[in-house]
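Owing to the predicted nature of the structure, the values given are computational and were not obtained by experimental measurement.
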Amino acid sequence: MSLSDPIGDMLARLKNSQQRNHKKIELPSSKFKTKIAEILKSEGYIVDYKVKSENKKTNLHISLKYNSGNPVISSIERISKPGRRIFSSADSLPKVNNGLGIAIISTPKGVMTDIDARKQKVGGEVICKVF
């Protein structure tokens, strides 16, 4: 099966799993998805992630995080899509929920949060918003 938007699929699985109070999710792995999971972990939105190989297929296992029974990720929204890419300079990077959330940006220096991109004065493609 071929997906036209694997990142959108990852974000939809995260959102749907949290609404259903699942503990873990499993999805096909890629370097880009792993970087996104790494950012979500460092910002405290997920508990942990692991990349496991089985029968020549690598899967990404993500442990979801809850606070008093409520999901930590209240909203995760895809911004740049395959049909319409959204790019932003370092000066005009979006502030998510007045600084309470993060935007994940794909820059020439790697995948990072909007806060890190502003510090390094680098712009890029706005992948998604999380809060």
Hey, quick one: are Ile105 and Leu11 part of the same hydrophobic cluster, counting side-chain heavy atoms closer than 4.5 Å, chains of contacts allowed? no
Please tell me if the side chains of Val72 and Tyr66 come closer than 4.5 Å, counting only heavy atoms from C-beta onward. no
Does a salt bridge link Asp116 with Lys109, judged by any charged N lying under 4.0 Å from a carboxylate O? no
Closer than 3.5 angstrom, by distance alone: can the side chain of Arg118 be matched with the main-chain N or O of Leu93 as a donor-acceptor pair? yes
Spacing of OG1 belonging to Thr113 relative to CD belonging to Glu43, to within rounding of 0.5 Å: 5.0 Å
Answer yes or no: is there a side-chain heavy-atom contact under 4.5 Å between Asp114 and Ile102? yes
Using side-chain heavy atoms (C-beta onward) and a distance below 4.5 Å, is Phe87 in contact with Val126? no
Check: Asn59 main-chain N/O paired with Ser29 side-chain donor or acceptor under 3.5 Å: no
For the residue pair Pro108 and Val122, what are the closest heavy atoms and their distance? CD-CG2, 3.8 Å
Please report the interatomic distance CG(Leu60) to NZ(Lys31), rounded to the nearest 0.5 Å. 14.5 Å
Spacing of Ser63 atom OG and His22 atom NE2 [to the nearest 0.5 Å]: 14.0 Å
Against Val47, only a single residue in Lys23, Lys65, Lys24 fulfils side-chain contact (heavy atoms from CB on, under 4.5 Å); can you say which? Lys65
Give, for atom CD of Glu26 and atom NE2 of His61, the distance between the pair rounded to the nearest 0.5 Å. 4.0 Å
Contact summary for Ile39 and Ser42, nearest pair of heavy atoms: O-OG, 3.0 Å
Verify same cluster id: Ile73, Ile104 (apolar side-chain graph, 4.5 Å): yes
Quick one: are Ile79 and Ile127 in side-chain contact, heavy atoms under 4.5 Å? no
Non-hydrogen side-chain atoms of Val96 and Val130 separated by less than 4.5 Å: no
Please determine whether a side-chain nitrogen of the Lys or Arg among Lys41 and Asp48 lies less than 4.0 Å from a carboxylate oxygen of the Asp or Glu. yes
Would you name the heavy atoms of Pro94 and Ala103 that are closest together and state the gap between them? CG-CB, 4.3 Å
Using only atom types and a distance under 3.5 Å, with no angle test, would you say the side chain of Asn97 pairs donor to acceptor with the backbone of Leu100? no
Nearest-0.5 Å distance, CG of residue Leu64 to CZ of residue Arg20: 14.0 Å
Side chains of Pro71 and Gln19 in contact at under 4.5 Å (non-hydrogen atoms): no
Give the minimum heavy-atom separation between Ser88 and Ser92, together with the two atoms involved. OG-O, 2.9 Å
So, the side chain of Ser74 versus the backbone of Phe131: is there a donor-acceptor pair under 3.5 Å, distance only? yes
Side-chain contact, heavy-atom cut-off 4.5 Å: Ile36 with Leu40? yes
Nearest 0.5 angstrom please: Ser106 OG to Glu125 CD, how far? 6.0 Å
Looking only at atom types and distance, does a side-chain atom of Arg78 sit under 3.5 Å from a main-chain N or O of Ser80, one as donor and one as acceptor? yes
Answer with yes or no whether the hydrophobic clustering places Tyr45 together with Val51; edges join I, L, V, M, F, W, Y residues whose side-chain heavy atoms lie under 4.5 Å apart. yes
Output yes when a side-chain donor or acceptor of Ser17 lies under 3.5 Å from a complementary backbone atom of Leu14, and no otherwise. no
Given Thr58, which partner from the list Ser30, Ser53, Pro28 fulfils the side-chain contact (heavy atoms from CB on, under 4.5 Å) test? Ser53
Any side-chain heavy-atom pair of Met112 and Gln120 under 4.5 Å: yes
